[in-house]
Amino acid sequence: MKVIAVANQKGGCGKTTTTVNLAAAFARMNKRVLAIDFDPQGHAALGLGYNLSDAGHGIYDALTNMQIPISRVIRRTYIPGVYLAPSNILLSGVETELAMRPSREYVLRQLLADLGDSYDLCLIDCSPSLGLLTLNALVASDEVLIPVQTHYYAIEGLKQLLETVDIVKGRFNPALQISGMLLTFVENRTLLSRDVQRQLREYFGEMVFDTMIHRNVRLAEAPSAGESVITYDEKSRGAREYMQLAEEVFNGQAKSWTA
Ligand code: ADP
Ligand code: MG
């Protein structure tokens, strides 16, 4: 099972949208995909049609209670091939609970090891922070995929994230790679968006995916229907771009990175 963390400590850059739609796109390619909602807000779970008031176990329970294996937390979604480990608000307190544990950085990694090859791919929707939860996600992953909203401060925020990736590589998970940076909310008509695109490609070169996600209203509408854009409107630009991204992620060798 290949594990990809979708991470950026900046909120609203498209992490959840990318997790949900990439999961749906990979399922279209006949992959078995596990989506882990690792944000207490639970938006990835909502976007996959999960009802947050459902009383079942969530990823929080597997992280904190050794009696509950992760397999008991995972459920089917309405998309064939996409499975979900939901989050809930309790996850917001998990960092303090985990902080007391030995090997606190490896808790998620150990849970995923129990799954063996039940899934082809696991996508982790990270919360907008670089705290212990995100650290657990990076330690558990083969790759990190970084959505980047095209605006002027994007590069500054990325430096901090890349430093964190380097620390994780150095201390906990030497095999961690960057699968790529994904430009989101792209607007070709505005000079600003084109300028930032150019800057990011100059600065990070090969690290930036060829595929870009344009601003597309269907992407914003689909979650309110509890759907991925690929099931909601497969002909929309958003759906086509996320399917193209799945191809690129699947074909691309993970690019190694030393900052
Ligand atoms: P994050 O998980 O990084 O906080 P989200 O994926 O939740 O970001 O995106 C923030 C908001 O923007 C959501 O309401 C989402 O539906 C919307 N959104 C995400 N990507 C796009 C896009 N390419 N075009 C239009 N709206 C988008
Ligand atoms: Mg999110």
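Heads up: numbering here begins at 1 and tracks the sequence. Whatever order the structure lists ligands and atoms in, that order sets their numbers, starting from 1.
- No side-chain donor from either of N65 and Q67 sits under 3.5 Å from a side-chain acceptor of the other.
- Polar contact check, T18 against ligand 1: no nitrogen or oxygen pair lies under 3.5 Å apart.
- For the side-chain contact (heavy atoms from CB on, under 4.5 Å) with M243, the qualifying choice from M29, E248, R28 is R28, the only one to do so.
- Side chains of D125 and T16: a donor-acceptor N/O pair is present below 3.5 angstrom, by distance only.
- Nearest to atom 7 (O) of ligand 1 among the protein's heavy atoms is T16 CB, 3.9 Å.
- Protein heavy atoms all stay at least 4.0 Å away from atom 14 (O) of ligand 1.
- Heavy atoms of H214 found under 4.0 angstrom from ligand 1 belong exclusively to the backbone.
- Using modelled atom types and a 3.5 Å distance limit, the side chains of Y242 and T18 yield a donor-acceptor pair.
- Inspection of the H214 and E187 side chains reveals no N or O donor paired with an N or O acceptor under 3.5 Å.
- For ligand 1, the atoms sitting less than 4.0 Å from at least one non-hydrogen atom of A220 are 16 (O), 26 (N), numbered in the order shown with element in parentheses.
- Note: an N/O pair closer than 3.5 Å links C13 and ligand 1 by distance alone.
- Shown here is R189, whose CZ atom has no more than 12 heavy atoms of other residues, nucleotides or ligands within 6.0 Å.
- Taking a 4.0 Å cut-off on heavy atoms, I213 registers as neighbouring ligand 1.
- Between G11 and ligand 1, no pair of N/O atoms sits closer than 3.5 Å.
- Annotation for ligand 1: atoms under 4.0 Å from non-hydrogen atoms of G12 are 1 (P), 3 (O), 4 (O), 8 (O), 10 (C).
- Of the options N21, L219, N216, the smallest heavy-atom separation from atom 24 (N) of ligand 1 is shown by N216.
- Linking Ile, Leu, Val, Met, Phe, Trp and Tyr residues whenever their side-chain heavy atoms come within less than 4.5 Å places L158 and L130 in a single cluster.
- A heavy-atom separation below 4.0 Å is not found between H43 and ligand 1.
- With S92 contributing its side chain and I89 its backbone, the two residues share a donor-acceptor pair below 3.5 Å.
- For the 3.5 Å distance criterion, the side chains of Y78 and T231 qualify, holding a donor opposite an acceptor.
- Under the 3.5 Å distance criterion, with hydrogens and angles disregarded, no donor-acceptor pair is assigned to the side chains of Q149 and T184.
- Shortest contact from atom 11 (C) of ligand 1 to any protein heavy atom: F185 CZ, 4.5 Å.
- For ligand 1, the atoms lying closer than 4.0 Å to a non-hydrogen atom of G14 are 1 (P), 3 (O), 5 (P), 6 (O), 8 (O).
- Taking backbone and side-chain atoms together, Q41 has no N/O/S atom less than 2.8 Å away from the Mg ion (ligand 2).
- Remark: atom 22 (C) of ligand 1 lies closer than 4.0 Å to at least one protein heavy atom.
- Ranking protein heavy atoms by distance to atom 9 (O) of ligand 1, first place goes to T17 OG1, 3.7 Å.
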